[in-house]
Amino acid sequence: MMDQLKNYYKEMGVDEKVFDYAQEVEKGLKDRFETLDAIAQLNQIKVLNAMQKHQIAEMHLGGTTGYGYNDSGREAVEALYADVFGTEDALVRPQITCGTHALGLALSANLRPGDEILAISGKPYDTLEEVIGIRESKGSLKEYGITYAQVDLLEDGSFDLEGIKNAINDKTKLIHIQRSKGYATRPTLSVDVIGEAIAFVKEINKDLIVMVDNCYGEFVEEKEPSEVGADMIVGSLIKNPGGGLAPIGGYICGRSDLIEQCAYRLTTPGLGKEVGASLGVNRQFIQGFFMAPTVVNAAVKGAIFAANLYEKLGFKVIPDGKEDRHDIIQAVEFHDPEKLIAFCEGIQKASPIDSHVTPIPWDMPGYDSQVIMAAGTFVSGASIELSADGPMKEPYAVYFQGGLTYPHAKYGIIMSLQRMAEKGLVEIPEIS
Ligand SMILES: *Cc1c(COP(=O)(O)O)cnc(C)c1O
(Lines give C-alpha, C1' and ligand atoms only; values in the text may rest on other atoms or scores of the structure.)
Protein backbone atom coordinates (compact mmCIF):
# COMPACT_ATOMS: atom_id res chain seq x y z
CA MET A 1 0.00 0.00 0.00
CA MET A 2 2.86 2.29 0.95
CA ASP A 3 4.46 1.72 -2.47
CA GLN A 4 1.21 2.46 -4.20
CA LEU A 5 0.85 5.69 -2.25
CA LYS A 6 4.38 6.63 -3.17
CA ASN A 7 3.54 6.01 -6.83
CA TYR A 8 0.41 8.14 -6.62
CA TYR A 9 2.41 10.88 -4.99
CA LYS A 10 5.04 10.58 -7.71
CA GLU A 11 2.37 10.93 -10.38
CA MET A 12 1.15 13.98 -8.48
CA GLY A 13 4.55 15.62 -8.65
CA VAL A 14 6.22 14.61 -5.37
CA ASP A 15 9.81 13.32 -5.46
CA GLU A 16 10.65 10.13 -3.63
CA LYS A 17 13.05 11.92 -1.32
CA VAL A 18 10.40 14.42 -0.22
CA PHE A 19 7.83 11.64 0.23
CA ASP A 20 10.17 9.48 2.32
CA TYR A 21 11.09 12.39 4.55
CA ALA A 22 7.41 13.26 5.05
CA GLN A 23 6.48 9.66 5.90
CA GLU A 24 9.26 9.57 8.46
CA VAL A 25 7.94 12.75 10.09
CA GLU A 26 4.39 11.39 10.17
CA LYS A 27 5.51 8.16 11.84
CA GLY A 28 6.52 10.13 14.90
CA LEU A 29 3.05 11.65 15.35
CA LYS A 30 0.95 8.59 16.21
CA ASP A 31 0.45 9.42 19.89
CA ARG A 32 -0.39 13.05 19.18
CA PHE A 33 -2.99 12.00 16.65
CA GLU A 34 -4.57 9.60 19.12
CA THR A 35 -5.09 12.40 21.64
CA LEU A 36 -6.68 14.55 18.94
CA ASP A 37 -9.02 11.73 17.95
CA ALA A 38 -10.22 11.53 21.56
CA ILE A 39 -11.09 15.26 21.50
CA ALA A 40 -12.94 14.81 18.20
CA GLN A 41 -14.98 11.97 19.66
CA LEU A 42 -15.92 14.08 22.62
CA ASN A 43 -17.01 17.03 20.50
CA GLN A 44 -18.85 14.82 18.03
CA ILE A 45 -20.96 13.37 20.82
CA LYS A 46 -21.52 16.83 22.28
CA VAL A 47 -22.96 18.03 18.95
CA LEU A 48 -24.96 14.87 18.37
CA ASN A 49 -26.42 15.07 21.85
CA ALA A 50 -27.60 18.63 21.19
CA MET A 51 -29.12 17.62 17.86
CA GLN A 52 -31.12 14.85 19.45
CA LYS A 53 -32.13 16.96 22.43
CA HIS A 54 -33.54 19.63 20.11
CA GLN A 55 -35.17 16.96 17.97
CA ILE A 56 -33.64 18.19 14.76
CA ALA A 57 -35.96 17.00 12.02
CA GLU A 58 -36.15 17.09 8.26
CA MET A 59 -38.30 20.22 8.37
CA HIS A 60 -35.38 22.11 9.93
CA LEU A 61 -33.23 21.51 6.87
CA GLY A 62 -35.42 23.61 4.57
CA GLY A 63 -35.34 27.38 4.36
CA THR A 64 -37.51 30.45 4.17
CA THR A 65 -37.57 33.43 1.82
CA GLY A 66 -38.72 37.03 2.16
CA TYR A 67 -38.97 38.24 5.76
CA GLY A 68 -38.21 34.77 7.10
CA TYR A 69 -40.79 34.80 9.89
CA ASN A 70 -41.11 31.51 11.78
CA ASP A 71 -38.03 29.98 10.27
CA SER A 72 -37.87 26.84 12.40
CA GLY A 73 -34.60 25.71 10.81
CA ARG A 74 -32.92 29.00 11.64
CA GLU A 75 -34.17 28.72 15.20
CA ALA A 76 -32.89 25.16 15.40
CA VAL A 77 -29.44 26.24 14.20
CA GLU A 78 -29.28 28.92 16.87
CA ALA A 79 -30.51 26.55 19.59
CA LEU A 80 -27.82 24.05 18.57
CA TYR A 81 -25.00 26.58 18.71
CA ALA A 82 -26.18 27.91 22.07
CA ASP A 83 -26.42 24.41 23.49
CA VAL A 84 -23.07 23.11 22.24
CA PHE A 85 -21.20 26.29 23.25
CA GLY A 86 -23.00 26.46 26.59
CA THR A 87 -24.61 29.88 26.17
CA GLU A 88 -28.07 31.33 26.82
CA ASP A 89 -28.61 32.38 23.23
CA ALA A 90 -27.02 32.56 19.80
CA LEU A 91 -27.24 34.56 16.59
CA VAL A 92 -26.13 32.42 13.64
CA ARG A 93 -27.01 33.92 10.29
CA PRO A 94 -26.09 34.00 6.62
CA GLN A 95 -26.72 37.76 6.90
CA ILE A 96 -23.59 37.95 9.05
CA THR A 97 -21.22 38.01 6.11
CA CYS A 98 -17.93 36.96 7.76
CA GLY A 99 -16.00 36.84 11.01
CA THR A 100 -15.06 40.51 10.93
CA HIS A 101 -18.71 41.41 10.45
CA ALA A 102 -19.72 39.22 13.41
CA LEU A 103 -17.09 40.85 15.62
CA GLY A 104 -17.99 44.34 14.43
CA LEU A 105 -21.64 43.58 15.09
CA ALA A 106 -21.02 42.26 18.60
CA LEU A 107 -19.03 45.41 19.41
CA SER A 108 -21.27 48.03 17.84
CA ALA A 109 -24.42 46.41 19.25
CA ASN A 110 -23.22 46.45 22.82
CA LEU A 111 -21.25 49.69 23.03
CA ARG A 112 -22.51 53.26 23.28
CA PRO A 113 -20.78 56.62 22.91
CA GLY A 114 -18.36 57.16 25.79
CA ASP A 115 -17.69 53.46 26.29
CA GLU A 116 -14.21 52.04 26.00
CA ILE A 117 -13.04 48.72 24.58
CA LEU A 118 -10.03 47.21 26.31
CA ALA A 119 -8.14 44.59 24.30
CA ILE A 120 -6.14 42.47 26.75
CA SER A 121 -4.49 40.02 24.37
CA GLY A 122 -2.70 42.71 22.40
CA LYS A 123 -3.57 44.15 19.02
CA PRO A 124 -6.70 42.57 17.56
CA TYR A 125 -6.84 40.85 14.18
CA ASP A 126 -5.91 43.20 11.30
CA THR A 127 -9.42 43.71 9.93
CA LEU A 128 -10.70 44.82 13.35
CA GLU A 129 -8.34 47.79 13.32
CA GLU A 130 -10.68 49.55 10.90
CA VAL A 131 -13.80 48.41 12.74
CA ILE A 132 -12.51 49.94 15.98
CA GLY A 133 -10.77 52.89 14.34
CA ILE A 134 -7.21 51.98 15.37
CA ARG A 135 -6.59 52.65 11.70
CA GLU A 136 -8.61 55.60 10.43
CA SER A 137 -11.69 54.39 8.57
CA LYS A 138 -15.21 55.48 7.64
CA GLY A 139 -17.90 54.39 10.07
CA SER A 140 -15.49 53.09 12.69
CA LEU A 141 -16.52 52.81 16.34
CA LYS A 142 -14.16 55.71 16.99
CA GLU A 143 -16.39 57.96 14.86
CA TYR A 144 -19.22 57.12 17.26
CA GLY A 145 -17.22 58.20 20.28
CA ILE A 146 -16.18 54.74 21.39
CA THR A 147 -12.60 54.69 22.58
CA TYR A 148 -10.04 51.93 22.57
CA ALA A 149 -7.22 50.85 24.85
CA GLN A 150 -4.88 47.90 24.65
CA VAL A 151 -2.71 45.82 26.94
CA ASP A 152 -0.19 43.59 25.22
CA LEU A 153 0.57 40.06 26.29
CA LEU A 154 3.80 39.67 28.25
CA GLU A 155 6.98 38.49 26.59
CA ASP A 156 6.17 34.86 27.47
CA GLY A 157 2.69 35.12 25.92
CA SER A 158 0.78 35.32 29.21
CA PHE A 159 -1.73 38.01 30.21
CA ASP A 160 -0.30 41.15 31.78
CA LEU A 161 -2.54 41.14 34.84
CA GLU A 162 -0.97 44.22 36.41
CA GLY A 163 -1.29 46.11 33.12
CA ILE A 164 -4.92 45.03 32.74
CA LYS A 165 -5.78 46.17 36.25
CA ASN A 166 -4.23 49.58 35.59
CA ALA A 167 -5.96 49.97 32.22
CA ILE A 168 -9.49 49.29 33.46
CA ASN A 169 -11.25 52.58 34.21
CA ASP A 170 -14.77 53.96 34.61
CA LYS A 171 -15.31 54.02 30.85
CA THR A 172 -14.21 50.43 30.25
CA LYS A 173 -17.27 48.53 29.07
CA LEU A 174 -16.02 45.59 27.05
CA ILE A 175 -12.97 43.37 27.27
CA HIS A 176 -11.71 41.94 23.99
CA ILE A 177 -9.73 38.70 23.99
CA GLN A 178 -8.51 37.00 20.83
CA ARG A 179 -8.00 33.27 21.27
CA SER A 180 -6.05 32.64 18.09
CA LYS A 181 -2.79 34.31 17.19
CA GLY A 182 -4.20 35.47 13.84
CA TYR A 183 -1.46 37.31 11.92
CA ALA A 184 0.81 37.65 14.93
CA THR A 185 3.57 35.32 16.01
CA ARG A 186 2.49 35.14 19.63
CA PRO A 187 1.15 31.90 21.08
CA THR A 188 -2.53 31.07 20.83
CA LEU A 189 -4.36 31.17 24.15
CA SER A 190 -5.80 28.03 25.67
CA VAL A 191 -9.37 28.04 26.93
CA ASP A 192 -8.12 27.51 30.48
CA VAL A 193 -5.79 30.51 30.32
CA ILE A 194 -8.62 32.62 28.86
CA GLY A 195 -10.81 31.45 31.76
CA GLU A 196 -8.25 32.66 34.29
CA ALA A 197 -8.06 36.08 32.64
CA ILE A 198 -11.85 36.36 32.60
CA ALA A 199 -12.03 35.51 36.30
CA PHE A 200 -9.41 38.20 36.93
CA VAL A 201 -11.29 41.00 35.12
CA LYS A 202 -14.63 39.97 36.60
CA GLU A 203 -13.04 40.26 40.03
CA ILE A 204 -12.20 43.88 39.22
CA ASN A 205 -15.64 44.62 37.77
CA LYS A 206 -18.23 41.91 37.29
CA ASP A 207 -20.23 44.08 34.87
CA LEU A 208 -17.51 44.17 32.24
CA ILE A 209 -18.60 42.37 29.09
CA VAL A 210 -15.98 39.86 27.99
CA MET A 211 -16.02 39.11 24.28
CA VAL A 212 -13.76 36.41 22.88
CA ASP A 213 -12.82 36.36 19.21
CA ASN A 214 -13.08 32.58 18.86
CA CYS A 215 -12.09 32.38 15.18
CA TYR A 216 -10.18 29.17 14.38
CA GLY A 217 -10.59 27.86 17.92
CA GLU A 218 -13.91 26.01 17.81
CA PHE A 219 -13.70 22.28 18.58
CA VAL A 220 -9.91 22.27 18.91
CA GLU A 221 -10.29 21.69 22.64
CA GLU A 222 -13.07 19.94 24.50
CA LYS A 223 -14.56 23.24 25.64
CA GLU A 224 -15.06 26.79 24.39
CA PRO A 225 -14.32 30.15 26.07
CA SER A 226 -18.06 30.56 26.74
CA GLU A 227 -17.77 27.62 29.14
CA VAL A 228 -15.17 29.45 31.23
CA GLY A 229 -16.99 32.75 31.65
CA ALA A 230 -16.91 34.63 28.33
CA ASP A 231 -20.09 36.67 27.86
CA MET A 232 -19.89 36.44 24.07
CA ILE A 233 -17.88 34.26 21.71
CA VAL A 234 -17.74 35.21 18.07
CA GLY A 235 -16.62 33.47 14.90
CA SER A 236 -16.97 32.74 11.23
CA LEU A 237 -18.90 29.89 9.63
CA ILE A 238 -16.41 29.54 6.80
CA LYS A 239 -13.91 28.55 9.44
CA ASN A 240 -14.24 25.74 12.01
CA PRO A 241 -17.92 25.54 13.01
CA GLY A 242 -19.24 25.53 9.43
CA GLY A 243 -17.49 22.21 8.91
CA GLY A 244 -16.59 23.15 5.35
CA LEU A 245 -20.23 23.06 4.27
CA ALA A 246 -21.54 26.47 5.36
CA PRO A 247 -21.23 28.73 2.31
CA ILE A 248 -21.34 31.98 4.34
CA GLY A 249 -22.13 33.17 7.83
CA GLY A 250 -21.03 34.19 11.26
CA TYR A 251 -22.11 33.47 14.80
CA ILE A 252 -22.32 35.25 18.12
CA CYS A 253 -23.13 33.08 21.14
CA GLY A 254 -23.57 34.41 24.63
CA ARG A 255 -25.70 36.03 27.28
CA SER A 256 -29.25 36.56 26.06
CA ASP A 257 -29.31 40.34 26.74
CA LEU A 258 -26.15 40.80 24.65
CA ILE A 259 -27.39 38.59 21.82
CA GLU A 260 -30.66 40.54 21.80
CA GLN A 261 -28.68 43.75 21.26
CA CYS A 262 -26.78 42.05 18.43
CA ALA A 263 -30.03 40.98 16.78
CA TYR A 264 -31.45 44.52 16.94
CA ARG A 265 -28.28 45.83 15.41
CA LEU A 266 -28.05 43.17 12.69
CA THR A 267 -31.60 43.76 11.51
CA THR A 268 -33.21 46.77 13.15
CA PRO A 269 -34.71 47.84 16.47
CA GLY A 270 -38.10 46.21 16.83
CA LEU A 271 -37.38 43.38 14.42
CA GLY A 272 -34.34 41.69 15.95
CA LYS A 273 -34.16 37.93 15.59
CA GLU A 274 -37.63 37.56 14.10
CA VAL A 275 -36.58 38.37 10.54
CA GLY A 276 -33.80 37.14 8.30
CA ALA A 277 -34.71 34.43 5.80
CA SER A 278 -32.31 31.50 5.90
CA LEU A 279 -32.77 30.96 2.14
CA GLY A 280 -31.27 27.54 1.54
CA VAL A 281 -28.52 27.38 4.13
CA ASN A 282 -30.07 25.60 7.12
CA ARG A 283 -29.09 22.18 5.83
CA GLN A 284 -25.46 23.20 5.33
CA PHE A 285 -25.32 25.01 8.67
CA ILE A 286 -26.67 21.99 10.54
CA GLN A 287 -24.76 19.34 8.61
CA GLY A 288 -21.60 21.46 8.72
CA PHE A 289 -21.88 21.84 12.49
CA PHE A 290 -22.31 18.08 12.71
CA MET A 291 -19.17 17.54 10.60
CA ALA A 292 -17.12 20.26 12.29
CA PRO A 293 -15.49 18.19 15.08
CA THR A 294 -13.90 15.76 12.60
CA VAL A 295 -13.06 18.43 10.04
CA VAL A 296 -11.29 20.44 12.75
CA ASN A 297 -9.52 17.24 13.80
CA ALA A 298 -8.16 16.84 10.26
CA ALA A 299 -7.03 20.45 10.19
CA VAL A 300 -5.23 20.21 13.53
CA LYS A 301 -3.48 17.03 12.43
CA GLY A 302 -2.35 18.81 9.27
CA ALA A 303 -1.02 21.72 11.34
CA ILE A 304 0.97 19.43 13.60
CA PHE A 305 2.32 17.52 10.61
CA ALA A 306 3.42 20.80 8.99
CA ALA A 307 5.04 22.01 12.22
CA ASN A 308 7.13 18.88 12.52
CA LEU A 309 7.99 18.72 8.84
CA TYR A 310 9.35 22.28 8.78
CA GLU A 311 10.79 22.35 12.28
CA LYS A 312 13.12 19.48 11.44
CA LEU A 313 14.36 21.52 8.48
CA GLY A 314 15.42 24.30 10.83
CA PHE A 315 12.56 26.78 10.42
CA LYS A 316 10.90 28.46 13.37
CA VAL A 317 7.37 27.12 13.60
CA ILE A 318 4.65 28.52 15.85
CA PRO A 319 3.34 26.55 17.67
CA ASP A 320 6.35 24.25 17.76
CA GLY A 321 6.13 20.57 16.86
CA LYS A 322 5.39 19.42 20.39
CA GLU A 323 3.09 22.13 21.78
CA ASP A 324 -0.56 21.58 22.66
CA ARG A 325 -2.99 23.08 20.16
CA HIS A 326 -5.61 25.75 20.83
CA ASP A 327 -6.43 26.70 17.24
CA ILE A 328 -5.92 25.29 13.73
CA ILE A 329 -3.32 27.80 12.56
CA GLN A 330 0.27 26.90 11.92
CA ALA A 331 2.81 29.62 11.34
CA VAL A 332 6.19 29.01 9.73
CA GLU A 333 8.69 31.86 9.60
CA PHE A 334 10.72 31.94 6.41
CA HIS A 335 12.40 35.38 6.57
CA ASP A 336 12.45 35.12 2.78
CA PRO A 337 9.73 36.21 0.32
CA GLU A 338 10.73 33.47 -2.16
CA LYS A 339 10.10 30.70 0.35
CA LEU A 340 6.77 32.19 1.39
CA ILE A 341 5.68 32.35 -2.24
CA ALA A 342 6.91 28.79 -2.96
CA PHE A 343 5.01 27.46 0.05
CA CYS A 344 1.77 29.05 -1.16
CA GLU A 345 2.33 27.80 -4.72
CA GLY A 346 2.64 24.25 -3.40
CA ILE A 347 -0.59 24.49 -1.40
CA GLN A 348 -2.38 25.88 -4.47
CA LYS A 349 -1.07 23.09 -6.70
CA ALA A 350 -2.43 20.55 -4.22
CA SER A 351 -5.98 21.94 -4.27
CA PRO A 352 -9.10 20.19 -5.58
CA ILE A 353 -10.28 23.49 -7.14
CA ASP A 354 -8.08 25.96 -9.07
CA SER A 355 -4.97 23.79 -8.82
CA HIS A 356 -3.82 25.26 -12.14
CA VAL A 357 -3.66 28.88 -11.00
CA THR A 358 -0.63 30.60 -9.47
CA PRO A 359 -1.05 32.72 -6.35
CA ILE A 360 0.60 36.14 -6.34
CA PRO A 361 0.84 38.84 -3.63
CA TRP A 362 -1.92 41.49 -3.79
CA ASP A 363 -3.31 44.48 -1.89
CA MET A 364 -6.11 42.85 0.04
CA PRO A 365 -8.78 45.17 1.52
CA GLY A 366 -8.43 45.51 5.27
CA TYR A 367 -4.73 44.63 5.43
CA ASP A 368 -1.83 47.08 5.71
CA SER A 369 0.68 45.22 3.52
CA GLN A 370 0.45 42.98 0.46
CA VAL A 371 -0.78 39.48 1.21
CA ILE A 372 -0.23 36.23 -0.66
CA MET A 373 -2.95 33.65 -0.39
CA ALA A 374 -3.29 30.10 -1.58
CA ALA A 375 -6.72 28.58 -1.54
CA GLY A 376 -8.32 26.19 -3.95
CA THR A 377 -11.55 25.91 -2.06
CA PHE A 378 -15.15 24.85 -2.64
CA VAL A 379 -16.34 27.85 -0.63
CA SER A 380 -14.50 30.94 -1.76
CA GLY A 381 -11.95 32.03 0.82
CA ALA A 382 -12.98 29.36 3.33
CA SER A 383 -10.02 28.89 5.60
CA ILE A 384 -11.30 25.67 7.17
CA GLU A 385 -10.35 24.29 3.76
CA LEU A 386 -6.67 23.83 3.00
CA SER A 387 -5.30 27.32 2.66
CA ALA A 388 -2.24 29.39 3.36
CA ASP A 389 -1.62 33.07 3.53
CA GLY A 390 1.00 35.48 4.67
CA PRO A 391 1.68 39.20 4.70
CA MET A 392 4.61 40.16 2.48
CA LYS A 393 6.65 41.64 5.31
CA GLU A 394 9.13 40.39 7.90
CA PRO A 395 9.21 37.76 9.24
CA TYR A 396 7.68 36.46 5.98
CA ALA A 397 5.63 34.01 7.98
CA VAL A 398 3.11 31.77 6.30
CA TYR A 399 -0.10 31.09 8.20
CA PHE A 400 -1.30 27.73 7.16
CA GLN A 401 -4.65 26.28 8.11
CA GLY A 402 -7.42 23.89 7.26
CA GLY A 403 -7.94 20.75 5.33
CA LEU A 404 -11.34 19.13 5.12
CA THR A 405 -9.62 15.74 5.33
CA TYR A 406 -6.26 14.85 6.81
CA PRO A 407 -5.01 13.02 3.67
CA HIS A 408 -5.56 16.19 1.69
CA ALA A 409 -3.90 18.42 4.28
CA LYS A 410 -0.93 16.07 4.33
CA TYR A 411 -0.59 16.07 0.56
CA GLY A 412 -0.85 19.86 0.43
CA ILE A 413 1.89 20.34 3.00
CA ILE A 414 4.11 17.87 1.19
CA MET A 415 3.52 19.81 -2.04
CA SER A 416 4.56 23.04 -0.32
CA LEU A 417 7.86 21.41 0.57
CA GLN A 418 8.19 19.87 -2.90
CA ARG A 419 7.80 23.33 -4.45
CA MET A 420 10.51 24.74 -2.21
CA ALA A 421 12.80 21.82 -2.99
CA GLU A 422 12.24 22.29 -6.75
CA LYS A 423 13.24 25.93 -6.48
CA GLY A 424 16.38 24.97 -4.57
CA LEU A 425 15.21 26.80 -1.45
CA VAL A 426 15.54 23.85 0.95
CA GLU A 427 17.67 20.76 1.31
CA ILE A 428 15.67 17.58 2.04
CA PRO A 429 17.31 15.28 4.58
CA GLU A 430 18.20 11.76 3.42
CA ILE A 431 16.18 9.00 5.15
CA SER A 432 18.24 5.84 5.57
C1 LIG B 1 -10.35 35.17 10.34
C2 LIG B 1 -10.33 35.92 11.59
C3 LIG B 1 -11.11 37.05 11.77
C4 LIG B 1 -11.94 37.65 10.67
O5 LIG B 1 -12.74 36.75 10.03
P6 LIG B 1 -13.13 36.99 8.48
O7 LIG B 1 -14.15 35.95 8.26
O8 LIG B 1 -11.90 36.79 7.69
O9 LIG B 1 -13.67 38.35 8.38
C10 LIG B 1 -11.04 37.68 12.99
N11 LIG B 1 -10.26 37.23 13.97
C12 LIG B 1 -9.49 36.14 13.83
C13 LIG B 1 -8.64 35.70 14.96
C14 LIG B 1 -9.50 35.46 12.64
O15 LIG B 1 -8.74 34.40 12.51
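Order of appearance sets the numbers: ligands from 1, and atoms from 1 within every ligand. What you see is a predicted model, and the numbers here were worked out from it, not measured in a lab.
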>> Applying the side-chain contact (heavy atoms from CB on, under 4.5 Å) criterion to Leu174, which one of Asp115, Ile146, Leu208, Leu107 satisfies it?
In response: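 By the side-chain contact (heavy atoms from CB on, under 4.5 Å) criterion, Leu174 pairs with just one of Asp115, Ile146, Leu208, Leu107: Leu107.
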
> Name the residues in contact with ligand 1, where contact means a heavy atom under 4.0 Å away: which are they?
Replying inline: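 If the criterion is a heavy atom under 4.0 Å, then ligand 1 touches Cys98, Gly99, Thr100, Leu103, Tyr125, Gln178, Asp213, Cys215, Tyr216, Ser236, Lys239.
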
>> Can you tell whether the side chains of Lys339 and Glu333 come within less than 4.0 Å, N to carboxylate O?
In response: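 Glu333 and Lys339: not salt-bridged.
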
>> Quick test of your reading of the model: are Glu143 and Lys138 salt-bridged, counting only N-O distances below 4.0 Å?
In response: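 No, Glu143 and Lys138 are not salt-bridged.
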
>> The test is side-chain contact (heavy atoms from CB on, under 4.5 Å); show your working for Met373 and Cys344 and say whether it passes.
In response: CA-CA 7 Å; Met373 303 199 135; Cys344 291; over 6 Å; no

> For Thr377, which residues count as a side chain to side chain donor-acceptor pair (under 3.5 Å) partner, sequence neighbours excluded?
Replying inline: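 Not a single residue meets the side chain to side chain donor-acceptor pair (under 3.5 Å) criterion with Thr377.
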
> Would you call Lys165 and Phe200 a side-chain contact if the rule is heavy atoms closer than 4.5 Å?
Replying inline: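 They are in contact (side-chain heavy atoms under 4.5 Å apart), so the answer is yes.
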
